[in-house]
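Letters A, B, ... are given to chains in the order of the sequence lines, protein chains preceding strands, and every chain is numbered from 1.
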Amino acid sequence: MTTLDIWLGILQGCRVTASVTLYALLFAVPFGLAFGIAQYLTTGLLRFLVTCVIEFWRSSAVIILLFVFYYALPVVGVTLSAMTVAAMVLGLNTGGYASQAVRAGLQTLDHGQKEAGQALGLSRTAILVLIELPQALLVMSPTFINLLIQLIKATSLVSLITLTDMTFRAKEISQVHYEPVPIYLSLLLAYFVLCYPITLFGRWVAQRVTPGREVRRGV
Amino acid sequence: MGFDLDFAIATLPLILRALDMTLLVAVTSCIGAAAIGFNLEILRRAGGAFGLVVRFFIDFIRATPILVWLYCLYFILPFYGVRLSALTVGIAGLSLYYSGYLAEVFKAGIDAIPKGQAEAAQALGIGRRDTVIFVIAPQMLRNIAAPMGNYFVSILKATPYLAVLAVPEMLGEAFDIASDTYRYAEPLTVAGITFLALALIISRGVKWLEDRLATSSAR
Amino acid sequence: MDQSDKDTVVRIDALQKWYGAFHVLKDISLTVPRGARIVICGPSGSGKSSLIRCVNGLEAYQQGTIDLEGVRLGENAAQTTLARRKTGMVFQSFNLFPHLTVLANCTLALRRVSGMARGEADELASQYLEKVRIPEQAHKYPGQLSGGQQQRVAIARALCMNPRLMLFDEPTSALDPEMIKEVLDVITGLAKDGMTMLCVTHEMGFAREVADEVVFMDHGSIVEKAPPDQFFSQPCHPRAREFLNTLLH
């Protein structure tokens, strides 16, 4: 089996890897935004509930969540396709992390920004949408890019619930042809080719959005 | 069929039996990752061609999935006649993989110490070794304590990946019960909740530590 | 060691320093007699900080010599260590160790370098903390103190090693205006006690009151050296006049 055959085989799974990533983003982006903002704005019991939801998705081990939702949901009468389960679990897990970035971005903004908005007579919503969010999202953009890389890497897990992504294809090929060395190294390289450009893009963005670090004042 | 709560509760002690294996893997891997990561960072700091190689290696790790690394080690090593137990391969894989992340933690920890600290020690006539031990290391440890704790949680949440290599940690135990009883939902859910509880407890501890360090070094 | 060296704390002779192609110090010669209080001033980038950092070996130089009480800096490791111990350095940004208490900041070198026992070191450090007028802060961490207090601790920390020469590198320029006086008062007190000092500063009132010689540097050279009265009333060099004008207006 030639290296080309191996690459073509792995490439067959690229579509599934890409689909899972894209569908997962459909869950991750709204969840991250909504819950990040909610955690920033709410207080008391409401904030506790919001935090509980975030923590469930963020602090669970994603591989177990995947199995639990794949095997346990049908038992209670909910049958979802493997693709839906994968997109939802990976998406909400990533969204949980993203929500923390959104909240942190909002919290670290200079308080004067909100006050300036209030002084201009803007509504709370307008301040959030027009003043706070654009700045917070920009500052946090390197984190979001990092999370995208984490998401793409996590899609390798869907091979465990029968989805035919790149990892699944590689395992399939290696069961037919016992050549683990070229097959698994190619698989490693395939993910690298997919993720490394995003890493470089993230670095470029980080350089642009981080203003020159202020001079340290000792201590 | 429905979710059998009594059966779920009955599986809890069985799954907890594997808790020591899970913790053993997490702690050993974390120590391994810290040791490798620290050395990687020191080598990277030395610069030169070797520094570039280390830099690329760290980038490579961060752009590839842990699952694929585990497959690589598990299937490729025997091909070259290296026969290790699944447990050893798993711990080696987690250590190697997270070393790429911990190297960044060490980098940030060292970078955050102002240059004046070493200079002040030098001006007082304190030697190089004593400077590292009494001035640099304590400040680095304070800088890295919280991120290290967070990565420990990440490593803990990655231990169920070893189930794919048939290491009898908690997820593996849950699957064993599942295949014996043909009931997947209950043991998997119990394993998921156990991991979530562990992760939350340890995260809490890390947060507490972080707050304490923040107040003792106020400003 | 010839006779005149007995009364000389530092002798800098034909010092040259480059940062790559940039010539930072050009043929600097300066002798500091015991008990002298020399203020070095000049525009930023004139090399005054580099000079003072060379004197205690924080920065290397390429040509010339620096002798501290007859011990040559940079000759070999043992001599350099010996020479450096004769100096105490106070930095612009304090550089206190944030993880150690005020007292521990002062005793670290006593215990690690001089090998002093804990009790003895604590006692000595307390004396110096008293001298800089903050004995009551001994068990606090640097982060809990104001900038002026931190700089006074830094002075006490340097004094603990019983230096023959104190080096001050713009000790007040990182401070808020209301804290400058408390630090300058401490330095003035040291001067009155007869401490030899080399001080880089822009505080001209302080220079006028304390210094017995003002050294003006520009572009890496010493362009004027005069007693303060003469320097401030009738500076010879046009660049010194220009510099004084920018400070006054």
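- Remark: Gln62(C) CD is packed, more than 12 non-hydrogen atoms of other residues, nucleotides or ligands lying under 6.0 Å away.
- Judged as a salt bridge (charged side-chain N to carboxylate O under 4.0 Å, His left out), the pairs with a partner in residues 88-109 of chain B (not counting sequence neighbours) are, in order, Arg44(B)-Glu104(B), Lys107(B)-Asp111(B).
- Of residues 105-116 of chain C, those residues lying under 4.5 Å from chain B by any heavy-atom pair are Leu108(C), Ala109(C), Arg112(C), Val113(C).
- Across all their heavy atoms, Pro98(C) and Gln117(B) have their closest contact at CD-OE1, 3.5 Å.
- Contacts between Arg53(C) and chain B at a heavy-atom distance below 4.5 Å involve the side chain alone, from C-beta outward.
- Counting heavy atoms from C-beta on, the side chains of Gln122(B) and Met89(C) never come closer than 4.5 Å.
- Of the possible donor and acceptor atoms, none in the side chain of His99(C) sits under 3.5 Å from a partner among the backbone N and O of Ala137(B).
- Within a 6.0 Å sphere centred on CZ of Arg45(B), other residues, nucleotides and ligands contribute more than 12 heavy atoms.
- Among residues 126-134 of chain C, no residue has any heavy atom closer than 4.5 Å to a heavy atom of chain B.
- Residues passing the side chain to side chain contact (heavy atoms under 4.5 Å, CB included) test with Thr131(B) are Ala121(B), Ile126(B), Val135(B), Ile136(B), sequence neighbours excluded.
- The two residues Ala123(B) and Phe91(C) come nearest to each other via the heavy atoms CB-CZ, 4.0 Å.
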